[in-house]
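Below is one structure, written out as C-alpha cells; comments come after it.
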Amino acid sequence: MAGVCYGKAGVDILKDIALDLSVRRVGIVGRNGSGKSTLVRLLCGLIAPDRGHVRVDGVDCFADRRAALRTVGILFQNPDHQIIFPTVGEEVAFGLRQLGHSKSEAQQLARATLDRFGRADWYDRSVQALSQGQRHLVCLMSVLAMQPKVIILDEPFSGLDIPTTRALRRELDGIEATLVHVTHDPVSLADYDHVIWLSEGRIEEQGSAESVLARFVERMEREGEQDAFADFSG
Amino acid sequence: MLSLTSPVRTPYHRLPAGPKLLVLSLVTFLLFAVETWVFMLAALAVVALLFAIPGRPFWTEGLRLLRPVSFFVAIVLVWHIATGDVGAGVTICLRLVVAISLANLVTLTTRMEDMLDVVRKLFAPLRRFGLSPDILAFSVALVVRFAPVLLEKGSRLAEAWRARSARRARWNIILPLTLIALDDADHVSEALRARGGLDTGY
Amino acid sequence: MEKNVVLIALFAALIAVLGMIPKIDLISGVPITAQSLGVMLCGTVLGARRGALAVLLFLLLVALGLPLLAGGRGGLGLFVSPSAGFLIGFPLAAFVTGLVVEKAVGLPLAAAAFLGAVLGGIVALYIPGIIGMAITLDKSLPEAAMLALPFLPGDLIKAGIAGVLTSALAKARPEALLSRAAH
C-alpha cells in the first residue's frame, strides 16, 4: 500500500499528511476530532482531498470506484449505519452484486462466506433479530466477502462487551488482507506493525506500536488530568 | 419486521400473486358497479366461505383485520336508520366488508416478495423515464430495514425524556427523531457508496 | 443519487415510525397520531418531489402488506376502505406542502411551512379524502365532508407543529433542508 496524501476540508481537518505504508497491520490513534475519520474517508475514496493525492495499492479510490471496491473495504463503527438490507443473505450478497457477480453467483458466494464463519443458518435471518455483536459480524462478513486488499476498521469495538470484542478480534487477526485500524483505544493495537498518532490534523508521531503507544498513553493521561473538554473539537 | 402475511398456511398461498391481484381488482370494480343487496349478500357468502375453508385461526385473523372498519359500519348504519333508508345502508356496509375482506385475503396469503415482484413488473415500463424497478425494490428493502431501527431510536428518545421529566414525551421527540433520520441518511448513503453505490449496475 | 434514494427511504420509515409512537393527546380526548405530521414534514424538509416520493414509497409498503399505517394497519384492504381517499391524498399532500415551501421564499420558513402544511396536509389531503368517503360510503360530497370535520382541529395543530419543527430543523441542520436548498 502506497499512499501520499495532503488533505484539508473546510476548516483544515487534515494538514499536509504524508504517509507511505507497506505493512500488514496499521493502527491509527488519536483523540476525538483529531481527523481520524476524515483520514479514513480519504483512504476509502468517499471524499477527495483538496490538495495532494491518495493512492491505495496504486488505485485512486475516489476517481475509480469500481477498482476501489476490490481494493478497500470499510467496517464502520455502527452496524446500523452500514447494514442496508433486512436479511443477512441480502446484505452479504449486495457487495458481491456490486462487484459484477450475477444474482445467483452472489447468493452462492454469500452462502459460502457465511459457511466459512460457521453461520450458514444466518442466510435468511432478519438483521433486526441479531444482537449488536452479531450485526458487527454481519458487517465484517459483508466486507470480507468482497475480498478487498485493504480493510479499514473505524472504531470497530466501541460499545461491544469483552467476549464479543475478543471474538471479533479473533476473526480480524485471521484475515489475510491489510488492516488499517482506527481507534482511540491503544490496547487493541498492541501487536500491530506500525502505529500512526494523529493530533489536530497532523501526524504527531509514527513508528513501532510499542514506542508510539507508550507516549500516546502518557500524553492522554496527562491531558485527562487537565480539562479534557477545553480543546474538544467534536 | 412482521408483515401481515398469515402464518396459517392456506391453499391460497400457492396461487400466483399476479392473477390474485387481477381478480381482486375485477371483483372490487364489480362490487362498486352493482348496487343490489342480493349481489352483496351472495358475495359476502362466498368471501365468508373462502375464509372458513382454511380453518378457525384463519377465520379469526380475517375478523381481526375487519375491526377498523366497524367504526365506519356503525356510522353508516346510524345515519341510514336516521334517514329511514335502512336497505341502502345495509348494502353499503355489506359492500365495505366484502371489498375489504377480499383485499385482506390477498394480503394474508401473498408473500411480500411475490407482491414486490408484481410491482417490479408493473414498474418495468417506467425504466424509460429513469425509474429503475431495481432501485424501487432497493428502496423497499431500505424501509423494511430502517423502520425498526428508527422505531428503536424513537423509543430510546422517549425513555431519555421520561428519565428527566415527569410528563410523557410528546411531539418534542419528533425533532430529534427527524434529526436522527437525516443523520442516518448521511451515514447510510456513505456506507452505500463505500460498497459501490447505486450506479454500478445494481 | 444514493443520497436521494436513502433520504426518501428513511423519511418513508419516519412516517411509519411516527404512526407507531404512542398517540399524542393534543386536546383532551382527541387522540391523534403523528403520521400525517410525518407526511407534512416530508414536504417541508425534502421538498415537493422527494417528499411525494417518500410518501409514495411508504404507501407501497403498506399496500404490500406491511402494518405501517397508524394502529398497525396495512394491506390492500385499506385502499378500498373509506379512508382510501386520504391515503391516496398523502403523496399529493406532501407534494403541495413542499411546493409551497419551495415557492414562498419571501416568507419566514416557519410561516411558509405552516402555510404549506395547511394547503397540502389539509386542503390537498381532504379533497381526495372526502371524495373517497363519498364513493365508499355512498354519500354526497357535503355529507362526506361532515364526516371529515372532526379531524380538522387536530390537523390544524399538526400544521402548526410542522411549521415550528421545520424551522427548528433548519437551524439544527441548515444543509439538510432540501426544500429551501438552491435548485
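The chains referred to below are lettered A, B, ... by the order of the sequence lines, with proteins before strands, and numbering in each begins at 1.
Under the 30°/60° scheme for interplanar angles, the aromatic rings of A:F85 and B:F138 are found to stand perpendicular.
Between chain B and the options A:V127, A:I74, A:D80, A:V72, the largest number of non-hydrogen pairs under 4.5 Å is found for A:D80.
Listed here is the closest heavy atom pair of A:F94 and B:L192: CZ-CD1, 3.4 Å. Nearest heavy atom pair, residue A:F76 against residue B:E190, reads CE2-OE1, 3.8 Å. The minimum heavy-atom distance linking A:L46 with B:A194 is given by the pair CD2-N, 3.6 Å.
With sequence neighbours excluded, the residues that form a side chain to side chain contact (heavy atoms under 4.5 Å, CB included) with A:R125 are A:V88, A:D121, A:W122, A:L130. A:F157 meets the ring pair (Phe, Tyr, Trp, His ring centres under 6.0 Å) test with A:H181; sequence neighbours excluded. Residues passing the side chain to side chain contact (heavy atoms under 4.5 Å, CB included) test with B:R120, sequence neighbours excluded: B:D117, B:P133, B:D134, B:A137.
Against chain B, no residue from residues 107-116 of chain A qualifies, as none has a non-hydrogen atom under 4.5 angstrom away.
There is no contact between A:L99 and chain B, counting heavy-atom distances below 4.5 Å.
Rounding to the nearest 0.5 Å gives a distance of 6.0 Å between CD of A:Q128 and CZ of B:R145. In this structure, A:I84 CD1 and B:R195 CZ are separated by 4.5 Å, a value rounded to the nearest 0.5 Å. The structure places CZ of B:R193 at 9.5 Å from SG of A:C44, a figure rounded to the nearest 0.5 Å.
Heavy atoms from other residues, nucleotides or ligands lying under 6.0 Å from CZ of B:F29 number 12 at most. Taking a 6.0 Å sphere around CD of A:E171, one finds it holds more than 12 heavy atoms contributed by other residues, nucleotides or ligands. Surrounding CD1 of A:I162 are at most 12 heavy atoms belonging to other residues, nucleotides or ligands under 6.0 Å away. The local environment of CZ in A:R119 is crowded, with over 12 non-hydrogen atoms from other residues, nucleotides or ligands closer than 6.0 Å. Other residues, nucleotides and ligands place no more than 12 heavy atoms under 6.0 Å from the CH2 atom of B:W37.
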